[in-house]
Amino acid sequence: MNLSRDLFDRARAAIAGGVNSPVRAFRAVGGDPIFFDSAKGSRLRDVDGREYIDYVCSWGPLILGHADPRVVEAVREQVGHGSSFGAPTRVEVELAESLTAALPAMERVRMVNSGTEATLSAVRLARGFTRRNGIVKMEGCYHGHVDALLVQAGSGVATLSIPGSPGIPEAVTAQTFLLPYNDAQAARDFLRERGTEIAAVIVEPVAGNMGVVPPRNGYLEALRAETRRAGALLIFDEVITGFRLAYGGVQTMTGIEPDLTCMGKVIGGGFPVGAYGGRAEVMAMVAPDGPVYQAGTLSGNPVAMRAGLTTLQVLRDTENAYDRLDQLGARLENGLKEAAREAGARAQVARRGSMLTVFFTDAAVSDWTGAAACDTEMYGKYFRSMIKQGIYLPPAQYETFFVSLAHSESDIDETVNAARTAFRACAR
Ligand code: KE4
């Protein structure tokens, strides 16, 4: 009996590629995707009744763990009062106020339905505000499937090595410039030479889409200084890092204030939510106040707002929530490093808070060149060994493991034990 396989056969007959997002198809790790029908806390249960400790956490949103009772109750109550009005509601104001209170650089916000919609809108707004067309992104960073930004992106594009993508006109990417991540000098040189053409620089302030790659000391500061000097906007794509690394974002941890911030994932608590926001002067350009058009039928959906608001409230009111996430992340990091060392595996473990990646390479990864040197076949072997042992990891090398507040020390220890076996399989 393998209901997952039966469902995948049916899925392929009805859904493009059998999945609703490419990375879920397991193409980067081999084998067929597993279908799940329930989850609770740190655990997933597949349609065949097998249980796994989950480190995907829906790619980041479920920082409280699956089916957190406080979120479930809030959503249940909200949906009973109506799911969507296409008109303003109290709860969208409350979530917006939570975001602007937590992020000083975000004086105004606009809710949308995904991280992609947030970055798409932020790029259009930056171009409208500056009346310039140039956009700079970093190699290995992924900002959703935005035409102008799908040029050598990270995440699925890197994993599936899609060179940009067919269907995107040359004219659209002709104004997109690629720089190496973590190279302050390259950014300085480019912006001093061509900064007057540039509407914005968009960056993951802690990269998650080539695996976890933190910024080098001084890198974000250099981007802030050089964009300001050039009259370009700095956009922090905090879709992953927003409320994941701190109650706020990398901007609240570093004091580096972007002009615009894109968010998603955690702020939706597992429901489709994205947001973009920033300086009031810039956001004043967004319709209906300004001429930059952006809209959405379900933007600010009250049920999704309630899930996000409840999640943020729990994070805000749980004492030392982020210390706990960091402790669990450190336990996992140290255990995996020890297991890799014991097995003699060529693996590096990178971590920031509750974001972690195991890179199968000899040297620490600090940019896309380093990430691209990884042995992705070896990652696939590691993934298959771990999933056999009941540990569900991201099915691709260029992704991030996520730990939630629902993970326990025993979950982490069970994971490290499984990793001992998996690293040995990789070291042979
Ligand atoms: P969505 O449109 O998928 O909600 O968000 C796009 C996005 C924007 N910015 C960053 C930094 C992101 O990581 C993402 C999406 N992340 C991927 C995982 N790396 C989502 C998983 C998927 O594509 O299925």
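Note that these values count all heavy atoms, side chains included, but never hydrogens, waters or copies made by symmetry. Values in this document were obtained by computation on a predicted structure and should not be read as measured data. Ligands are counted one by one from 1 in listed order, and the atoms in each one are counted from 1 as well.
- Side-chain atoms of Arg351 and Val212, non-hydrogen and from C-beta on, never get closer than 4.5 Å to each other.
- Which of Tyr398, Phe236, Tyr142, Trp59 comes nearest to atom 11 (C) of ligand 1 through a heavy atom is settled by distance: it is Tyr142.
- At a heavy-atom cutoff of 4.0 Å, ligand 1 is contacted by no atom of His145, backbone or side chain.
- Atom numbering of ligand 1 starts at 1 in the shown order; those under 4.0 Å from a heavy atom of Glu399 are 18 (C), 19 (N).
- Centroid-to-centroid, the aromatic rings of Tyr219 and Tyr181 come within less than 6.0 Å.
- Not a single N or O atom of Glu117, backbone or side chain, sits closer than 3.5 Å to an N or O atom of ligand 1.
- Under the 30°/60° scheme for interplanar angles, the aromatic rings of Tyr55 and Phe401 are found to be tilted.
- The shortest N or O to N or O distance between Glu204 and ligand 1 is not under 3.5 Å.
- On a distance-only criterion, Val23 and ligand 1 share no N/O pair closer than 3.5 Å.
- The aromatic rings of Tyr52 and Tyr392 sit perpendicular, their planes meeting at an angle over 60°, well past the 30° parallel limit.
- Residues Tyr382 and Phe423 place their aromatic rings such that the two centres sit under 6.0 Å apart.
- Here's the thing with His143: none of its N/O atoms is less than 3.5 angstrom from an N/O atom of ligand 1.
- Sorted by first and then second residue, the ring pair (Phe, Tyr, Trp, His ring centres under 6.0 Å) pairs involving residues 268-295 (not counting sequence neighbours) form an empty list.
- Within the listing of ligand 1, atoms 10 (C), 11 (C), 12 (C), 13 (O), 18 (C), 19 (N) sit less than 4.0 angstrom from a heavy atom of Asn209.
- Using a cutoff of 4.0 Å between basic side-chain nitrogens and carboxylate oxygens, Glu333 and Lys337 are scored as salt-bridged.
- To the nearest 0.5 Å, the span separating CD1 on Ile391 from CD on Glu414 amounts to 5.0 Å.
- Residue Ser114 approaches ligand 1 through these ligand atoms, each under 4.0 Å from one of its heavy atoms: 2 (O), 4 (O).
- The distance from ligand 1 to the heavy atoms of Ser21 drops below 4.0 Å at these ligand atoms: 22 (C), 23 (O), 24 (O).
- Ion pair Arg224/Glu221 not flagged as a salt bridge, since none of the NZ, NE, NH1 or NH2 atoms sits closer than 4.0 Å to an Asp/Glu carboxylate oxygen.
- For the ligand labelled ligand 1, residue Lys265 lies inside the 4.0 Å heavy-atom shell.
- Taking Phe26 as the reference, Phe383 meet the ring-ring contact (aromatic ring centres under 6.0 Å, His included) condition, with sequence neighbours excluded.
- Against a heavy-atom cut-off of under 4.0 Å, Ile240 is close to the following atoms of ligand 1: 13 (O).
- Between Asp237 and ligand 1, at least one pair of N/O atoms sits closer than 3.5 Å.
- Counting heavy atoms under 4.0 Å from ligand 1, residue Thr116 touches it through both backbone and side chain.
- Backbone and side-chain nitrogen or oxygen atoms of Thr119 are examined, and none is located within less than 3.5 angstrom of a nitrogen or oxygen of ligand 1.
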